[in-house]
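Every value quoted in this text rests on a predicted model; they were computed, and no experiment measured them. Hydrogens, waters and symmetry mates play no part in the numbers below; they use all other heavy atoms, side chains included.
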Amino acid sequence: MQNPFEVIPAKIYKIKQESPLIRTISLRPEKSIRFQTGQFMELTLPGIGEAPFTPSTSHFQTEVMDITIMKTGFMTEHIHQTKVGDLVGLRGPFGTRYPLERFEGKDLLILGGGCGLAPLRSLFLTLLDEIDKYKSITFLAGAKSPKDCIYKSEVSGWKKHPNVKFLRAVDVVPEGETWDEEVGVVTVLLKKCSIDPKTNPAVVCGPPVMMKFGTFDLLKMGYKEENIYLSMEKKMYCGHGQCRHCVMGKYYACKDGPVFSYAQIKDEEAIWE
Amino acid sequence: MLIEEQALLLFFQQCAEKGVGAYSEIIVPVQQGENEGQSHFSPFSRDKVCILSGYRSIDPVKMLFYMPREKVLPIQKSRKKRIVAGVKACDIKGVQVLDAALSGGDFIDPVYQAWREETTLISTDCSSIASTCHCTLLSGQPYAESGFDLNLSKLKDKFFIQVGSEKGEALLKLIQKYVPVEDSSDADLKAVQANRKKMKEKVIAQNKDLERSGKYDKLRQDYDKDWPKVSETCVGCGACTHICPTCYCLILNDETKAQKFVKVRSYDSCQWHGYARVAGGDSPRPKMFQRFRNRYLCKFLFMKSNFDQLGCTGCGRCTEACAGNIDFRKVVKRITDKVKTEVVV
């Protein structure tokens, strides 16, 4: 029998500082990992602990995996101290994926903020690998300030795709920084897109408060509850719906999520906290 | 079938000292300190007072299948076969919930499953009750009807034996090889039933004022009104969850030293502030009353919808262990039935 707590060893082969607090570490696992975009992995630092992260690479890439991590707590501070060549462990993949088949032939809207762009990059790159299947992709990305924007070097490449619209907004532009795109919370960008909200899907991922108001704005625009997909952040721990840390009423974020439709979870308690 | 208590203890002693068949370990409730009737699970030994009947032990039988601290990667192989005897009905129910959670669905905890497979469970009818016992409020009773391998009902200095599984059947055959087992009569069965009825009535009488509507959906009500009040003396120590026969929330600690990954599972508690905290410090239940309430919702609503069984077996251990002297039964009654009862004992 397969041990559900099995760890796949992986070596760090590249580290990229995306912003003062966010870095992307590139891993080469000992055996290939087939995940579906939207699913998450448990990353182990030997002797320190483990925490859930979503890969930010296309799911067609199985030999290597990027994980984008913000320095925000005990575990992530240790991750930010790792060096190229260090050994880490991976468990997974766990949870639900983005329902790509429901995006086919549609005008997909992706709304992301801060480090929430990490799973969305995985979704976006996966979609790009089969771009002919989708009518269009509108990717709206938010960040606190210009220096907090991540994946900077890749954005110009993404913008070149004919049926991709990539727009960014920052909350504030502090003195000394330059910015020639939108200023304001990410939802201001919604005014700039002309998608029929009745029939098209939307994906939201970001800090809880952004997810909450992003979802409410989409509903106001006319998006249907069952067409809004959210990546819920809870403390996923074991990955099997066993340890109950990520419980959301009758759902577990790790097993029944992290990708939920808004219609699925709107009646559960404290989903935005 | 009937077996003399002394004969059964002799069989246990032979198992523990020399090993009988594949069995080499016997775990039974033994007397705890000077307190009459109080017991905890311990390996069988001639020097300890074994209490097979009586009421439930202080620690739940969960501790023997799902240990407070246990290595789950890599898995240690080759364990001994064992008998766990003197388990009460509330703990048998607890094991049924754990079975559903840890080996009943898509997920199988390999260590839990191994312990279950290597263990033969002998339950016994309660012959006394603790002041916190309330199985009858959960439509249970102080004797097991299923979920055991063998069940023992005390009749004077003998036990009336009931077989609950093939494993139990095989053990009974083994016992018969070593010590005398006699046939039972209809009168014995009637005596067992009479004892059971008497004991059940005792539990019902003890909880007469605590009977409730059973409309557990109502636990969701009074979110920021009554819940903060009923949890006023809760200090968030987590004793209630650790001692609960059905709580199985875990932490997976990484104890890797060299290149080989080592994972150790230990108990977590939803009563602790760090339990659901995510990176950056946010928590869905930052306040004590929210975490306190979560345990009740989990027992009566979440586990019910996950496993189609209530997560409370009525053992009353959480009340016994509570540092804030909160009576679990009174909280349930006060919130579901909207009555003004003092919950602190």
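- Within a 6.0 Å radius of CD in A:Glu101, more than 12 heavy atoms belonging to other residues, nucleotides or ligands are found.
- Residues of residues 292-306 of chain B that come within less than 4.5 angstrom of chain A, heavy atom to heavy atom, are B:Arg293, B:Leu297, B:Cys298, B:Phe302, B:Met303, B:Ser305, B:Asn306 in numerical order.
- A salt bridge links A:Lys266 to A:Glu225: at least one charged side-chain nitrogen sits closer than 4.0 Å to a carboxylate oxygen.
- Here the side chains of A:Leu117 and A:Thr68 are not in contact, with every heavy-atom distance at 4.5 Å or above.
- A heavy-atom distance below 4.5 Å is found between the side chains of B:Ile75 and A:Asn3.
- A:Glu42 does not touch chain B: none of its heavy atoms, backbone or side chain, sits under 4.5 Å away.
- Of the two parts of B:Arg220, only the side chain, counted from C-beta on, holds a non-hydrogen atom closer than 4.5 Å to a non-hydrogen atom of chain A.
- A 4.5 Å side-chain heavy-atom check between B:Leu121 and B:Ile92 finds at least one atom pair inside the cut-off.
- Chosen from A:Pro9, A:Cys243, A:Cys246, the residue pairing most often with chain B at heavy-atom distances under 4.5 Å is A:Cys243.
- By number of non-hydrogen pairs under 4.5 angstrom with chain A, the leading residue of B:Asp106, B:Val111, B:Leu250 is B:Leu250.
- Contact residues of residues 260-272 of chain B toward chain A are B:Phe261, B:Lys263, B:Asp268 (heavy-atom distance under 4.5 Å).
- Here A:Asp86 does not pair with A:Lys11 in a salt bridge; the nearest charged N to carboxylate O distance is not below 4.0 Å.
- Using a 4.0 Å cut-off between charged side-chain N and carboxylate O, B:Arg69 and B:Glu255 make a salt bridge.
- Shown here is B:Lys167, whose NZ atom has more than 12 heavy atoms of other residues, nucleotides or ligands within 6.0 Å.
- In this structure, A:Arg121 pairs ionically with A:Asp66, as a charged nitrogen and a carboxylate oxygen lie closer than 4.0 Å.
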Applying side chain to side chain donor-acceptor pair (under 3.5 Å), run through B:Asp149 and B:Ser165 and close with a yes or a no. CA-CA 5 Å; B:Asp149 295 313; B:Ser165 71; 2.6 Å; yes
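- Electrostatic pairing of B:Glu320 and B:Arg56 counts as a salt bridge here, judged by a charged N lying under 4.0 Å from a carboxylate O.
- Heavy atoms closer than 4.5 Å to chain B are found in both the backbone and the side chain of A:Gln242.
- Heavy atoms closer than 4.5 Å to chain B are found nowhere in A:Tyr251, neither backbone nor side chain.
- Stacking of A:Arg91 on the aromatic ring of A:Phe53 is not recorded, the 6.0 Å distance cut-off and the 45° axial limit not both being met.
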